[in-house]
Amino acid sequence: MAVQNGDKSSCQLEDYDLVLLTACDIHGVARGRFIFKRSVQGFVRNGLGMTQASLFSGIMCDIPLNLTAYAKEGWSNGTLIPDTDTLRPLSWLSYGGKKVGHLLCDLLSSKGEPEVAMPRTVAVSQLKALNDIGYDISVSLQLEFVILKKDSIIPISLHEDISQLNNTLLRALHDSGVPVVSIGKGAEPGKLQISLDSLQGIEVADCVHRLRNMLKSLCGNAGYDITYMTKPLPTVSSNGSTYIYTLIDKEGRNVFASSKNKNELSELGQQWVAGSLKHQAAVTGLLRPTLNCYTGEADEQDLNISWTSESSNRKARLKLDLTNDGPQIADALPTSASNPYIVLGAIVAAGMDGLVTKLSLPVELSDSPSAEKGPSSLLESLSVLEKDTVFKSGIFSKFVERFILLKKEFEIGRLEKKNDSEDNFTFERSIYLKYL
């Protein structure tokens, strides 16, 4: 996780004239500040003070009343500790021979202890639990976002030439180590689609978090706004974040593949899928974390608690795809509003429970006439989450407690006070469009 500076990292840091230190807040938004070269080494050694309110606030930076532990302390500062393994260039911000870098950070509480409710810490801890039983996760991604005309809710048209923006994005993402396979417009106005090559472990979430931060800056520089709101416009379909993954052993072998036939799902793979489906209703609130994730036509939003091997099936959450290296799982539940660290951690936590309890694989959707539906609202999904023993105890417990408090106070609470004359999209845009 957080690494104190060593000779190699120090040498790399010396190459930069300005370094951005950021941490991922509870909603997946980057918080931090720029540090000049002369001060970077000191901050790497000693950390950077930051109020904990900025990392555990409401979606619109509201100060919560219900997090009493922090309120009693007067929302005192924690300390951001840079992870020097995450140092990457921000090439598009470099100018006049000056180089700008970026470091991801973890958080120590005001007592000097690791803050276990931080999203990155949750993911790292969950991945360590997976590593401890001999496995890691390899993930590729298909991401969707919406690009709008600056300071408006007008999406770019299908005929608008954004090739220069795409080229700028490709160069910058490549320079920062984000493994882009493709980038371009989708089939609807405003849609931007990005595919990422496979990554392992925490690097998956680090790259998605870094990508989201970069897109905001680069699109802004080009005269556009980009939003991670799931469905900002009623005429455009919801934005998904599909995680396509396998489990690998220490030799890099796909353990979802049966030893008898690599085109069949192994017993371990069956248990993993069963765990994923057992906890689907609970993790829906984590992977679809906003009111807006449940807005739109039912056919568009609803995913059955089921799996399928049929490529054309769009109702099952999990799709089993066959590759030359064996089966892989495509998870369609996360949306563009989801926090990549929490998505990764939740996928692993649910799957691991299937391994530990040796669950049996449910019948495939195509053979099931009445597949169970997932939650249809944020409130419903949170109600299931707060009763799920895997997520209410252990690694996720502190995060889940704070997450539910914030969602109920600042999003569901606002919905309950909404003026009946205000339509849902206008109301939800006021909360999410600029803040995500």
Side-chain angles (χ1 to χ4, degrees), residues 22 24 28-30 86 88-93 102 104 137-149 155-158 160-200 202-233 236-245 287-288 293 319 321 328-344 347 432-433 436:
T22 66
C24 177
V29 178
T86 67
R88 300 289 188 276
L90 300 179
S91 57
W92 78 96
L93 293 179
H102 183 207
L104 300 177
I137 189 167
S138 176
V139 186
S140 59
L141 298 110
Q142 295 175 354
L143 309 172
E144 293 181 323
F145 312 109
V146 167
I147 296 184
L148 305 167
K149 301 286 189 180
I156 60 170
S157 75
L158 291 173
E160 185 162 347
D161 183 6
I162 60 167
S163 56
Q164 186 173 351
L165 173 61
N166 284 343
N167 289 336
T168 301
L169 292 175
L170 280 170
R171 288 196 303 270
L173 293 169
H174 178 268
D175 289 345
S176 291
V178 178
V180 180
V181 175
S182 64
I183 184 169
K185 289 189 292 186
E188 299 173 273
K191 283 278 189 176
L192 180 70
Q193 298 177 330
I194 299 178
S195 297
L196 301 185
D197 206 351
S198 58
L199 295 156
Q200 289 182 25
I202 196 60
E203 188 66 18
V204 177
D206 281 348
C207 268
V208 178
H209 178 66
R210 195 179 291 120
L211 177 145
R212 287 161 61 102
N213 197 32
M214 293 169 69
L215 288 179
K216 283 277 188 181
S217 178
L218 288 161
C219 289
N221 289 347
Y224 301 101
D225 286 326
I226 190 165
T227 181
Y228 305 131
M229 184 176 173
T230 299
K231 189 176 176 69
L233 302 167
V236 178
S237 63
S238 297
N239 296 313
S241 294
T242 303
Y243 284 59
I244 305 161
Y245 65 90
L287 276 56
R288 296 187 166 194
C293 294
K319 285 186 182 179
D321 296 326
Q328 62 181 15
I329 295 169
D331 192 336
L333 189 59
T335 70
S336 61
S338 60
N339 183 330
Y341 293 108
I342 298 307
V343 173
L344 185 63
I347 286 173
Y432 302 117
L433 187 69
L436 281 178

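For the pair L192/I156, no side-chain contact is recorded, criterion being any heavy-atom separation below 4.5 Å from C-beta on. A 4.5 Å side-chain heavy-atom check between I137 and V204 finds every atom pair outside the cut-off. No side-chain heavy atom of V146 sits less than 4.5 Å from a side-chain heavy atom of M229. The closest side-chain heavy-atom distance from C219 to L165 is below 4.5 Å. Residues D225 and L433 have side chains not in contact (no heavy-atom distance under 4.5 Å, counting atoms from C-beta outward). The shortest distance between side-chain heavy atoms of V139 and I347 does not fall below 4.5 Å.
Shortest non-hydrogen contact noted between S91 and A172 is OG-CA, 3.9 Å. The shortest heavy-atom contact between A30 and T22 is CB-CB, 4.2 Å. For A337 against T230, the heavy-atom pair with the smallest separation is CB-OG1, 3.4 Å. Here the closest non-hydrogen pair linking Q193 and K185 is OE1-O, 4.4 Å. In this structure, C207 and G177 approach most closely via the heavy-atom pair SG-O, 3.8 Å. Between L196 and V181, the shortest heavy-atom contact is C-CG2, 3.9 Å.
Rounding to the nearest 0.5 Å places OG of S176 at 12.5 Å from CG of D206. The distance from atom OH of Y432 to atom OG of S336, rounded to the nearest 0.5 Å, is 12.0 Å. The OH atom of Y245 sits 5.5 Å away from atom CG of D331, with the distance rounded to the nearest 0.5 Å. Rounding to the nearest 0.5 Å places CG of N221 at 13.0 Å from NZ of K216. Between the OG1 atom in T335 and the CG atom in L436 there is a gap of 9.0 Å [rounded to 0.5 Å]. Here I202 contributes atom CD1 and T86 contributes atom OG1; the two are 10.5 Å apart, rounded to the nearest 0.5 Å.
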Apply side chain to side chain contact (heavy atoms under 4.5 Å, CB included) to the pair N339 and C24, showing each step before the final yes or no. CA-CA 9 Å; N339 183 330; C24 177; 3.6 Å; yes

Apply side chain to side chain contact (heavy atoms under 4.5 Å, CB included) to residues E144 and E188 and explain how you reach the verdict. CA-CA 11 Å; E144 293 181 323; E188 299 173 273; 6.0 Å; no

Would you sort out whether V180 and L169 count as a side chain to side chain contact (heavy atoms under 4.5 Å, CB included), showing the intermediate values? CA-CA 10 Å; V180 180; L169 292 175; over 6 Å; no

For L344 and V208, what are the C-alpha separation, side-chain angles and deciding distance, and is it a side chain to side chain contact (heavy atoms under 4.5 Å, CB included)? CA-CA 11 Å; L344 185 63; V208 178; over 6 Å; no

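The aromatic rings of F145 and Y228 lie perpendicular to each other, with more than 60° between the two planes, well past the 30° mark.
Looking at N239 and K191, their side chains do bring a donor and an acceptor atom within 3.5 Å of each other.
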